[in-house]
Amino acid sequence: MFEGVFPALITPFNADNRIDVTSFRNIVEYVEKGGVAGMVACGTTGESATMSTQEHMDLIDLTVDCAKTTVIAGTGSNNTTEAVELTRHAYDAGANAVLIISPYYNKPNNAGLIAHFSSIARSADIPVILYNVPSRTGQDMPLEVITELSKIENIVAIKEASGNPVKVSRIIENTLDEDFVVISGEDGLTLPLMCMGAVGVISVVANVVPEKMVDLVTAVKNNDLKTAQALHYELAPLTRALFLETNPIPVKRAMDMLGLANGRLRLPLAPLSREHEMVLEDVLRDMGCIS
């Protein structure tokens, strides 16, 4: 279910700072036309940290309503009770899985991490994908915690964005006997992580060029490393450009340039600097995405 490319969708906002439903539906249609396996809503790229609980639930409902492919709902929180509430809602709404970020700010000990994720997993009969992103949470989920959590039946995967391929290798090695997979959480590491055994990517880049990311992942799955390497380097300038500033600042501007969304951000994020906007524009033009 979790093999392939899953865009980490942006959340477009109207001038009144509400979710732009029409643009969101257009983005879902756009990425699905690119051949993605599914999508992630309400993740970091979707600015979930700025959403109210009700907005979070409404966006999950909207995604389930308009998507024709697998829907992974971001339902994480540093408040276990809130994460349980959102996870139950995602299950009731018909999402196919949930993505749970490790608790930010709290920095729990190992026992706390295990209890947090276990409580969420027990709260609903839905596949759970762990999300390790130390740059956001301030804490790298320990290998022994991931290994222990992989034994829980409905904890089925981890989105790994630690930037540490050696650790990813150890995760795969430690969970070979479990029904558990690794998904790349970093576009630039998709090729090497898949070569080690990861099954796909939750991708920022796939908002912009979904078909290119699909082609890369398909090439790796087909053991066509020559094609995969060519696509990796073709996408490298765009990958760099989309992380010139805090995600999702650049990707929202890119989607604006493509005419798919207006690019509005919620505070405390501010618009992309003019210097970086020019770099992004040049990359998109060189790739043929804009004229």
Audit row: D20, T22, side chain to side chain contact (heavy atoms under 4.5 Å, CB included) steps and yes/no:
CA-CA 6 Å; D20 183 342; T22 300; 3.9 Å; yes

Within-4.5 Å side-chain heavy-atom neighbours: [X] and [Y]:
X    : Y    : result
S102 : L130 : no
Y131 : I158 : no
P250 : H276 : no
Y91  : T87  : no
P108 : Q139 : yes
V208 : V205 : no
I152 : S118 : yes
V156 : V181 : no

Which pair of non-hydrogen atoms, one from [X] and one from [Y], has the smallest distance, and what is that distance?
X    : Y    : result
L269 : P248 : CD1-CD, 3.5 Å
N154 : I126 : ND2-O, 3.0 Å
H116 : A83  : CE1-CB, 4.5 Å
K167 : S162 : CD-OG, 4.3 Å
H232 : L191 : CB-CD2, 3.8 Å
N96  : P127 : O-CD, 3.3 Å

Is [Y] reachable from [X] through a run of I, L, V, M, F, W or Y residues, each pair having side-chain heavy atoms under 4.5 Å apart?
X    : Y    : value
V204 : V28  : yes
L9   : I72  : no
V84  : I101 : no
M141 : V133 : no
V217 : V209 : yes

For [X] and [Y], indicate whether the former's side chain and the latter's backbone hold a donor-acceptor pair under 3.5 Å.
X    : Y    : answer
N132 : D140 : no
S169 : P165 : no
E55  : I19  : no

How long is the gap from [atom1] on [X] to [atom2] on [Y], to the nearest 0.5 Å?
X    : Y    : atom1 : atom2 : result
N247 : T45  : CG    : OG1   : 4.0 Å
I155 : R122 : CD1   : CZ    : 9.5 Å
I10  : R253 : CD1   : CZ    : 12.0 Å
L189 : E160 : CG    : CD    : 10.0 Å
I120 : R88  : CD1   : CZ    : 11.0 Å
T80  : E85  : OG1   : CD    : 13.0 Å

Looking only at side-chain N and O atoms, does H89 offer a donor or acceptor that is under 3.5 Å from a partner on D61?
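Distance-only check passes for D61 and H89.
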
Let's go through R25 and D65 carefully: what are the C-alpha distance in whole Å and the side-chain angles of both, what is the deciding distance for salt bridge (charged side-chain N to carboxylate O under 4.0 Å, His left out) to 0.1 Å, and is it a yes or a no?
CA-CA 9 Å; R25 288 182 177 274; D65 178 65; 2.6 Å; yes

Determine whether M196 and V182 satisfy the following criterion, side chain to side chain contact (heavy atoms under 4.5 Å, CB included), listing intermediate values before the conclusion.
CA-CA 10 Å; M196 289 192 296; V182 171; over 6 Å; no

For L86, which fellow cluster members are found when Ile, Leu, Val, Met, Phe, Trp and Tyr are connected by side-chain heavy-atom distances below 4.5 angstrom, either directly or through intermediates?
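Under the 4.5 Å side-chain rule, L86 groups with M57.
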
Taking only distance into account, with no hydrogens and no angle test, what donor-acceptor pairs under 3.5 Å do side-chain atoms of residues 279-291 form with protein atoms, sequence neighbours excluded?
| from | atom 1 | to | atom 2 | distance (Å) |
| --- | --- | --- | --- | --- |
| E281 | OE2 | R285 | NH2 | 3.1 |

Above 12 or not: heavy atoms from other molecules or residues under 6.0 Å from CG of D125?
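Result for CG/D125: open.
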
Flag yes if more than 12 heavy atoms outside Y30 fall under 6.0 Å of its OH atom; otherwise flag no.
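Yes, because the 6.0 Å sphere around OH of Y30 holds more than 12 heavy atoms from other groups.
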
Under the side chain to side chain contact (heavy atoms under 4.5 Å, CB included) criterion, do I171 and S150 qualify, and how do the steps go?
CA-CA 10 Å; I171 294 170; S150 73; over 6 Å; no

Under 3.5 Å, which donor-acceptor pairs do the side chains of residues 233-243 form with other protein atoms, sequence neighbours left out?
| from | atom 1 | to | atom 2 | distance (Å) |
| --- | --- | --- | --- | --- |
| E234 | OE2 | K212 | NZ | 2.8 |
| T239 | OG1 | L235 | O | 3.1 |

Option passing side-chain contact (heavy atoms from CB on, under 4.5 Å) with I60 (candidates V71, D92, V98, T75)
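Of the listed residues V71, D92, V98, T75, the side-chain contact (heavy atoms from CB on, under 4.5 Å) partner of I60 is T75.
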
Between F13 and E47, does a side chain to side chain contact (heavy atoms under 4.5 Å, CB included) hold up when you go through it step by step?
CA-CA 10 Å; F13 298 113; E47 295 173 85; 3.4 Å; yes

Which atom pairs, one a donor and one an acceptor, fall under 3.5 Å between side chains of residues 31-43 and the rest of the protein, sequence neighbours left out?
| from | atom 1 | to | atom 2 | distance (Å) |
| --- | --- | --- | --- | --- |
| E32 | OE1 | K68 | N | 3.4 |
| E32 | OE2 | K68 | N | 2.7 |
| E32 | OE2 | T69 | N | 2.9 |
| E32 | OE2 | T69 | OG1 | 2.7 |
| K33 | NZ | E29 | OE2 | 3.4 |

Restricting to pairs with a member in residues 176-188, which pass side chain to side chain donor-acceptor pair (under 3.5 Å), not counting sequence neighbours?
D187-S203

Show every side chain to side chain donor-acceptor pair (under 3.5 Å) that has at least one partner inside residues 2-17, sequence neighbours left out.
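Pairs touching residues 2-17 that pass the test: N17-R266.
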
Evaluate the salt bridge (charged side-chain N to carboxylate O under 4.0 Å, His left out) criterion for residues K151 and E148: first the C-alpha distance (whole Å), next the side-chain angles of each, then the deciding distance (0.1 Å), finally the verdict.
CA-CA 6 Å; K151 299 173 184 176; E148 184 66 24; 3.6 Å; yes

